[in-house]
Number of protein chains: 2
Amino acid sequence: MSYDHRVDSLPRVKMADVARTAGVSVATVSKVVNGRYGVSQRTLERVQEVIADLGYEASLGARSLRSYRTNVLGILVAEFEPFSAELLKGAGTAVTATGYELLAYSGGGGSAEVGWERRYLSRLSGTLIDGAIIVTPTVVEARPGVPVVAVDPHAGPTGLPTVDSDNLAGAVLATRHLLELGHRRIAFLGGRPDLASARLRDQGFRSAMADAGVPVDETLVGMGDYRRGASQEPARALLDRPDRPTAVFAANDLSALAVLDVAQALGLEVPEDLSVIGFDNVPESALSSPPLTTVAQPLQAMGAAALHLLVDLIAGTDVQTHRRLPTELVPRASTARPRQG
Amino acid sequence: MSYDHRVDSLPRVKMADVARTAGVSVATVSKVVNGRYGVSQRTLERVQEVIADLGYEASLGARSLRSYRTNVLGILVAEFEPFSAELLKGAGTAVTATGYELLAYSGGGGSAEVGWERRYLSRLSGTLIDGAIIVTPTVVEARPGVPVVAVDPHAGPTGLPTVDSDNLAGAVLATRHLLELGHRRIAFLGGRPDLASARLRDQGFRSAMADAGVPVDETLVGMGDYRRGASQEPARALLDRPDRPTAVFAANDLSALAVLDVAQALGLEVPEDLSVIGFDNVPESALSSPPLTTVAQPLQAMGAAALHLLVDLIAGTDVQTHRRLPTELVPRASTARPRQG
DNA sequence: CTGAAAGCGCTAACAT
DNA sequence: ATGTTAGCGCTTTCAG
């Protein structure tokens with residue numbers, strides 16, 4: 001039963017091979033593979049034996065072309081960065097009990113490729129996957145071909161079932177933390193204003209400042225883009241000036257890390273000369289020096305919630321189509337009282 | 001050009017739709033999509049316009065069934081846990097420049113499902129992907145159907161091109177660190193002996209101990225299984241005794257975290273009563289309290305290396321088929337001098 | 001209970 | 001330059 005005599009890579013064993021070896025037709029093998037009725041016990045056993053012998057496994061591509069059920073769920077991301085990696089861990093844990101398998105898909109292009117959501121979905125849906133989780137989509141299709149759940153969509157909750165966290169409350173938490181430490185000159189390094197989460201964090205910042213009766217200095221409000229590299233420039237604009245702030249609230253951890261980079265380049269001590277707080281609590285935030293104070297989104301729980309929502313959606317169960325999870329302050333070493341509070 | 005009038009999920013637009021709308025045959029559309037020669041400028045533009053209009057995207061499943069080139073690379077993992085998530089980040093970063101897209105696949109079953117490597121590979125190879133990275137495979141096929149790179153294979157480097165890190169040197173590093181702090185009663189919590197990495201870490205431990213002239217107490221050598229939950233039991237056996245060790249070297253971070261769990265349950269202070277060191281440097285190791293001293297494998301670099309190796313392999317470039325990356329000590333707060341050194 | 005045949009969406013000869 | 005045709009590996013009627 002060995003094929004070692006082949007010199008090069010041996011071709012996949014396909015259903016026809018199983019059929020020929022077992023002396024039955026491919027139709028019968030298909031029935032066995034899919035557990036359909038109408039196969040005698042004898043034939044069943046014989047075919048299963050051959051399948052095991054040959055190590056046959058159905059091709060996902062071919063199978064999905066014919067039957068519109070694959071038992072595979074997709075999770076579509078622009079890029080495998082820390083944020084989506086955490087969601088993936090959560091979804092991966094949650095999928096275990098469901099009997100589905102998980103396929104994570106990403107082009108290399110990052111969010112630079114606009115419209116990746118639709119492209120990836122078209123590529124996979126209708127064929128390879130029974131449903132999809134789309135992570136931080138910018139454009140959401142109103143009616144995709146398969147059940148879809150959006151995680152933290154940039155436009156905020158729309159027609160699609162959505163999982164996100166309480167960005168507004170989280171931003172208030174962050175700002176209050178700085179205020180309570182005694183900071184008054186507080187800068188905000190925001191994200192792109194076309195993103196709902198960025199707008200909400202901006203709004204939370206302003207609301208907490210207003211509640212404390214501290215006016216917002218608009219020259220201390222910068223615009224990053226949630227990425228570490230591209231946020232250095234606006235971070236520098238905030239810090240490289242004589243009347244620099246004593247604290248910065250960055251709209252996500254990656255831009256907070258950019259602030260840390262810039263502070264170091266300028267010779268500023270954190271938290272002595274400057275307090276920095278981020279948002280997300282990606283694992284990387286704990287690895288910086290100093291470790292970053294941040295607001296945690298329950299990323300893994302969000303991934304798990306999205307997966308369960310998707311499974312329910314496919315099953316046709318009546319489900320709530322919007323889950324908002326709470327945020328939480330995670331104090332670490334990048335924030336402290338200002339030097340002369 | 002809006003389709004909002006459709007009440008329910010609209011069916012995928014397929015190549016035939018494009019052909020009909022553009023007034024050409026599917027063959028011509030296929031040529032346009034794949035950039036083949038033999039299409040007039042006029043037709044080309046017309047078809048591209050329709051494609052854009054309709055938002056057509058070729059189905060990966062159907063395409064891959066016919067042409068044995070998909071421009072998609074697979075990364076197959078038993079489970080999306082911290083270790084493979086880091087590799088995925090590295091591979092994701094590396095794929096950007098290559099023009100390939102990345103598909104990560106995992107059943108929910110964890111490594112409990114034996115033979116997942118072969119199953120997933122059969123499912124995807126020959127059809128959906130042009131090549132695969134398999135993470136910590138236990139059984140490696142001698143001649144898979146597509147180019148394959150193994151990352152940290154449990155059997156050690158075999159016939160397959162492999163990427164791993166220097167487990168032996170890393171284990172020596174960890175053990176020496178404890179010895180230099182003044183520890184002599186050092187326990188080792190190993191992994192399953194059928195894993196090459198586990199054997200090498202065991203070997204490095206013993207070799208460093210021997211070099212220091214410190215005999216290994218065999219009752220202080222336990223066997224975990226690289227997972228946090230299942231390692232609690234053997235960790236407890238090591239610690240819950242009057243002559244407990246002053247330090248534990250756990251063969252990976254997850255089992256080191258299990259040691260931390262057990263230490264806490266037993267009321268032991270780390271590092272005052274017990275020093276603990278792990279292996280891997282997954283992000284989670286920095287998040288524990290106290291943060292875990294560990295030996296870093298350059299996980300993201302390994303993911304990137306695997307991806308580049310795979311791309312070269314597919315291109316037929318002459319490549320080195322084995323990359324071993326260095327390990328490094330990462331001192332954090334879970335190790336210190338023993339109480340009475 | 002089993003097999004022959006059609007066809008999923010697409011690509012690749014081969015005609016025209 | 002374009003269209004016709006024949007499958008890729010599988011599932012699914014529908015006959016036998």
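Here is how names work: the chains are called A, B, and so on, in the same order as the sequence lines, proteins then strands, and each is numbered from 1. Because only heavy atoms are used, hydrogens play no part in the values below, and waters and symmetry mates are left out as well, while side chains stay in.
Looking at heavy-atom distances under 4.0 Å, Ser30(A) makes contact with a base. Residue contacts shown for Val24(B) are limited to sugar-phosphate atoms, with no base heavy atom under 4.0 Å away. Across all strands, Tyr56(B) comes closer than 4.0 Å only to sugar-phosphate atoms, never to a base (heavy-atom distances).
The CZ atom of Arg12(B) sits 8 Å away from the C1' atom of dG9(C) (whole-angstrom rounding). In this structure, CG of Asn34(A) is placed 12 Å from P of dT13(D), rounded to the nearest angstrom. If you take NZ of Lys31(A) and P of dC10(D), they are 16 Å apart, rounded to a whole angstrom. In this structure, Arg69(A) places its CZ atom 12 Å from P of dT12(D), rounding to the nearest Å. Taking atom CE on Met15(B) and atom P on dA12(C), their separation rounds to 10 Å, with Å as the unit. In this structure, Arg20(B) places its CZ atom 14 Å from P of dG3(D), rounding to the nearest Å. The distance from atom CZ of Arg66(B) to atom C1' of dG7(D) is 5 Å, rounded to the nearest whole Å. One atom, CG of Leu128(A), and another, P of dC10(C), lie 12 Å apart when rounded to the nearest Å.
Picking from dG3(C), dG9(D), dT2(D) the nucleotide with the shortest atom distance to the side chain of Val39(B) gives dT2(D). Of the candidate nucleotides dT12(D), dC10(C), dT11(D), dT12(D) has the atom nearest to the side chain of Arg36(A). In the set dG9(D), dA12(C), dG3(C), dA12(C) carries the atom at the smallest distance from any side-chain atom of Ser67(B). Candidate nucleotides dC10(D), dT11(C), dT2(C) were compared by shortest atom distance to the side chain of Thr43(A), and dT2(C) ranks first. Closest to the side chain of Lys14(B), out of dC10(C), dT11(D), dT2(C), is dC10(C). In this structure, the nucleotide among dT4(D), dG9(C), dG3(C) sitting nearest to the side chain of Ala27(B) is dT4(D). Residue Ser25(B) has its side chain nearest to dT4(D) when only dT11(C), dT2(C), dT4(D) are considered.
In summary, Arg324(B) and Asp164(B) engage in a salt bridge, as defined by a charged side-chain N under 4.0 Å from a carboxylate O. A salt bridge between Arg20(A) and Asp17(A) is present, with a side-chain N of the basic residue lying under 4.0 Å from a carboxylate O of the acidic one. In this structure, Lys89(B) does not pair ionically with Glu79(A), as no charged nitrogen and carboxylate oxygen lie closer than 4.0 Å. Looking at Arg63(A) and Glu57(A), no side-chain N of the basic residue comes within less than 4.0 Å of a carboxylate O on the acidic one, giving no salt bridge.
The nearest heavy atom of DNA chain C to Tyr37(A) and to Val29(B) marks one nucleotide each, and the one closer to the 5' end goes with Tyr37(A).
Atoms CG and CZ, from Leu76(B) and Arg118(B) in turn, are 12.5 Å apart once rounded to the nearest 0.5 Å.
The phosphate of dG3(D) (OP1 or OP2) has a side-chain N or O of Thr28(B) nearer than 4.0 angstrom.
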